[in-house]
Protein chains: 2
Amino acid sequence: MRAAGVTTEDRLVAAAAALLDAGGEKAVTLRAVGQGAGVSHNAPYKHFRNRDALLAAIATADFTRFGDAFAEIRGSSRTAKEKLRAILEFTIEYAHDHPMRYQLLFANRAIAAQGGVLQEAAMRSFEAFAAVVEECQAAGVLPGTPHRTLAGLLFASLHGLLAFEANGLTHPRKGFIGVSESIDLLVDLISRSDDRR
Amino acid sequence: MRAAGVTTEDRLVAAAAALLDAGGEKAVTLRAVGQGAGVSHNAPYKHFRNRDALLAAIATADFTRFGDAFAEIRGSSRTAKEKLRAILEFTIEYAHDHPMRYQLLFANRAIAAQGGVLQEAAMRSFEAFAAVVEECQAAGVLPGTPHRTLAGLLFASLHGLLAFEANGLTHPRKGFIGVSESIDLLVDLISRSDDRR
DNA sequence: ACCTGAACACCGTTCAAGT
DNA sequence: ACCTGAACACCGTTCAAGT
């Protein structure tokens with residue numbers, strides 16, 4: 001027994017996350033995870049159904065962090081538009097600081113398919129974001145499209161920019177001005193469409 | 001020797017593409033590719049540096065198809081706005097018909113990093129799309145942002161929608177209305193921002 | 001020039017045991 | 001309840017040969 005309350009399961013997830021950050025998904029081998037957590041290479045099977053379930057545990061933990069951060073921003077005393085920017089910027093920073101983890105959360109078929117707790121955590125983040133979008137609409141900053149649809153569209157656009165950037169599809173010759181500037185431009189173009197009502 | 005002009009290299013790429021469509025990237029093992037092409041499991045090494053180079057060959061071929069299709073749409077007698085829709089719709093159809101291949105082209109780090117001919121093919125597609133965006137601006141259908149920047153933003157948004165859909169992040173509870181409808185909505189919201197000048 | 005078979009160093013996963 | 005070591009069926013890649 002090491003630090004109080006730190007279970008073997010916690011150490012397995014932590015070791016897997018460290019390997020993921022350092023070397024991408026393929027670096028997360030059960031043998032390396034076991035070694036990182038100080039157990040044998042198949043001890044993980046006593047805590048997770050398989051490798052995908054272990055990866056999903058990382059994703060679930062991080063989606064929860066997203067949900068917390070988004071909820072805090074939503075409840076802050078900023079203006080609606082500032083909240084929108086804060087959430088988008090938080091996501092961009094996370095993607096830049098932990099590119100492999102971002103990819104695991106938002107660009108991984110097998111992980112999203114794990115369902116359950118993970119879906120709940122992801123939905124909670126989305127709801128906080130959608131609520132901020134609704135605030136923006138009430139403030140006349142965003143047009144009156146159904147707020148969930150608009151929120152999904154904005155977040156998908158942000159993801160597309162981050163994905164293209166990460167995959168090297170944003171050649172300077174393509175007029176790419178950076179993710180943050182691009183999403184600002186998009187919000188700006190959309191904002192003007194309603195003449196602020 | 002089989003059909004005239006069909007080289008071993010062609011058969012290797014075709015076999016790899018078939019495996020990719022059928023079972024995703026991990027199904028493309030060099031052993032299965034070799035068997036599919038009627039050669040040994042390491043004959044591919046005489047034609048491609050490694051597995052990633054083989055996958056990149058599929059991507060290059062498909063990017064060329066994209067470039068051809070986009071160029072043909074650009075040169076057609078449609079209106080600017082119809083051309084824009086046709087290109088977006090072509091991409092959506094391709095992504096729906098060949099999800100694994102779409103992922104290989106637009107959501108794969110290792111492949112994009114192969115550079116060279118692939119980058120050229122991708123750039124050619126982009127240029128055709130950007131030219132159509134420019135036509136839309138001249139027609140007052142899209143706002144006067146630098147056309148490459150706007151084209152990149154639109155295509156990235158489309159990719160984000162397709163990626164979220166493929167990864168199951170578009171729960172109905174999130175107000176998702178479909179990729180085609182979502183990108184139409186986005187174009188519509190952006191179009192109105194300039195009051196058609 | 002193009003291909004093959006054997007071999008190496010890895011994988012995820014399963015299983016029979018151990019405490 | 002939790003963990004281990006051996007084993008199985010795979011991988012990508014390399015190498016020494018063969019035609």
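Remember, it's a predicted structure, so these values are computed and weren't measured experimentally. Quick note on labels: first sequence line is chain A, next is B, and so on, each numbered from 1.
- You'll find the ring centres of B:F106 and B:Y94 outside the 6.0 Å limit.
- Among A:V33, A:I58, A:L55, A:T60, the single residue meeting the side-chain contact (heavy atoms from CB on, under 4.5 Å) criterion with A:V13 is A:I58.
- There is a side-chain donor-acceptor pair under 3.5 Å between B:T7 and B:D10.
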Kindly give the atom pairs (protein nitrogen or oxygen, nucleotide nitrogen or oxygen) under 3.5 Å for nucleotides 1-5 of chain C.
from, atom 1, to, atom 2, distance (Å)
C:dC3, OP1, B:T8, OG1, 2.9
C:dC3, OP2, B:H47, NE2, 2.5
C:dC3, N4, B:K46, NZ, 3.1
C:dT4, OP2, B:S40, N, 2.4
C:dT4, OP2, B:S40, OG, 2.8
C:dG5, O6, B:N42, ND2, 2.3

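- In this pair, B:F129 and B:F70 present their aromatic rings tilted. The plane angle is within the 30 to 60° band.
- When the side-chain contact (heavy atoms from CB on, under 4.5 Å) test is applied to A:A56, the partners found at least two apart in sequence or on another chain are A:I111, A:Q114, A:L118.
- Pairs of residues two or more places apart, or lying in two chains, that qualify as side-chain hydrogen bond (donor to acceptor under 3.5 Å, both in side chains) and include a residue from residues 176-187 of chain A are A:R85-A:D184, A:E89-A:S180.
- Within a heavy-atom distance below 4.0 Å of DNA chain C, the residues of residues 48-61 of chain A found are A:N50, A:R51.
- To the nearest 0.5 Å, the span separating CG on A:L158 from CG on A:L186 amounts to 9.5 Å.
- Counting only Watson-Crick and G-U wobble pairs whose two distances sit under 3.5 Å, DNA chain C takes part in these stems of three or more pairs: C:4-8 with D:12-16, C:12-16 with D:4-8.
- Within the structure, salt bridge (charged side-chain N to carboxylate O under 4.0 Å, His left out) pairs that include any residue of residues 29-43 of chain B do not occur (at least two apart or interchain).
- Separation of the P atoms belonging to C:dA17 and D:dC2 is 22 Å when rounded to the nearest angstrom.
- Across the protein-nucleic acid pair, B:L19 atom CG and D:dG12 atom P stand 11 Å apart, rounded to whole Å.
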Sequence neighbours left out, cut at 3.5 Å: what donor-acceptor pairs do the side chains of residues 138-148 of chain B make with other protein atoms?
from, atom 1, to, atom 2, distance (Å)
B:R148, NH1, B:E127, OE1, 2.9
B:R148, NH1, B:E127, OE2, 2.6

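- Under the rule for a ring pair (Phe, Tyr, Trp, His ring centres under 6.0 Å), A:F48 has no partner lying at least two apart in sequence or in another chain.
- Screening residues 32-61 of chain B for salt bridge (charged side-chain N to carboxylate O under 4.0 Å, His left out) gives B:E25-B:R51 as the qualifying pairs, with residues at least two apart or on separate chains.
- Remark: A:R31 in residues 26-34 of chain A come within less than 4.0 Å of DNA chain D through at least one heavy atom.
- Judged as a salt bridge (charged side-chain N to carboxylate O under 4.0 Å, His left out), not a single pair has a partner in residues 136-145 of chain A (not counting sequence neighbours).
- Identified under the side-chain hydrogen bond (donor to acceptor under 3.5 Å, both in side chains) test for residues 64-75 of chain A, with sequence neighbours left out: A:D68-A:R124.
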